[in-house]
Amino acid sequence: MTKKILIIGSSGQIGTELVLKLRQIYGNENVIASDIRKGNYEVMESGPFELLDVTNKDDIHEVVKKHNIKQVYLMAAMLSAIAEISPQRAWNLNMNSLFNILDLARDKIIDRIFWPSSIAVFGPDTPRIKTPQVTIIKPATVYGISKLAGENWCSYYSKKYDIDVRTIRYPGIISYKTIPGGGTTDYAVEIFYEAIKNNSYMSFLSKNTTLPMMYMDDAIEATIQLMQSDAIHKYTAYNIAAISFSPGELALAIKKYIPNFTMHYKTDSRQKIADSWPESIDDSQANIDWNWKATIGLDALVKSMLQGLHYNF
Ligand code: AKB
């Protein structure tokens, strides 16, 4: 019998596409979408959806019991830029949601968890180029602090209660089905909407701020590959990598398809966050442990974004 899967945060950028892909693999009825708000039409129409506040333990229990859930992907979180504005709310959401799910595994109600971390765990003291899996980890942001604490809690629960929890440190994710909200890497999504609509974009990061990025298809592939792997024996928050580029390089790549496109720069508080993050990531551990390798480069990403947003070129 197929084990039932619950996606929490199914109206968010990654949650949306994860639901759709997991439903293709495991069947619509076996993948339950849930969020505090309704989301993408395809998600709402193709299978079960529950309105759920992830900070409410009783509500989660009820949904898990009702659908006989065995795996949870906890995708709800407050991202880096917005977390700086509401640190306490970010901490409460990012941490309490995790405890609620870890406790379900500790009590043997569910048997596998996916919990996303981020390149935000790294800080200004971390080596910035090809940042290794194991290195100096001292985040400089509220979001990064919550992600690092989460990694440590996952590790603690996995050792102490012998639970199966799996984690990826996502780079900036680029996609067109649902817009991201509140992140520092969001410019790399917004730029496509503005390029198509207005032929220009005002970047809130400077021209040469290089960050690790990834197209959504690679991120979904990595997530599902890690969750399906039989080779994971010890909790590791895996680095994964695909491409690194700056706003200036992305603008050039877009110009190839929209020749009139112009880019302008006006940095804001998000610049400081970006400056504390790596430029590129070493993901060799993920490659060794579960064969991970990204496949989508910058040009393919740009083409796919423009096609996805119905731009004719
Ligand atoms: C953000 O910008 O906050 C996120 C992330 C890198 O985790 N996209």
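For ligands, and for the atoms within them, numbers begin at 1 and follow the listed sequence. In what follows, residues are counted from 1 in the order of the sequence shown.
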- Message: Below 3.5 Å, N or O to N or O, backbone or side chain included: is there any such pair between Asp186 and ligand 1?
- Response: no
- Message: Quick check with a 6.0 Å cut-off and a 45 degree axis cone: is Arg270 positioned over the face of Phe204's six-membered ring?
- Response: yes
- Polar contact flag, side-chain donor to acceptor under 3.5 angstrom, Tyr201-Glu190: yes
- Query: In ligand 1, which numbered atoms sit nearer than 4.0 Å to a non-hydrogen atom of Gly183?
  - Reply: 1 (C), 2 (O), 3 (O)
- Regarding Glu279 and Ser244, is there a side-chain donor-to-acceptor distance under 3.5 Å anywhere? no
- Query: Which atoms of ligand 1 have any heavy atom of Ser80 under 4.0 Å away?
  - Reply: 1 (C), 2 (O), 3 (O)
- Message: Using a 4.0 Å cutoff against the non-hydrogen atoms of Leu79, which atoms of ligand 1 qualify?
- Response: 3 (O)
- Distance filter under 4.0 Å to Trp277 heavy atoms, resulting ligand 1 atoms: 1 (C), 2 (O), 3 (O), 6 (C)
- Item | Closest candidate by heavy atom, reference atom 8 (N) of ligand 1, pool Ile14, Thr141, Thr184, Thr185 | Thr185
- Message: Counting non-hydrogen protein atoms only, what is the nearest one to atom 5 (C) of ligand 1? Give residue, atom name and distance.
- Response: Ser118 OG, 3.5 Å
- Output, in order, the C-alpha distance, side-chain angles, deciding distance and verdict of side chain to side chain donor-acceptor pair (under 3.5 Å) for Thr209 and Gln271. CA-CA 8 Å; Thr209 304; Gln271 182 66 46; 2.9 Å; yes
- Message: Whether the Asn100 and Thr55 side chains hold a donor-acceptor pair (N or O, under 3.5 Å, no angle test) is what I'd like checked.
- Response: no
- Query: Are a donor atom and an acceptor atom from the side chains of Asp289 and Tyr238 found within less than 3.5 Å of each other?
  - Reply: yes
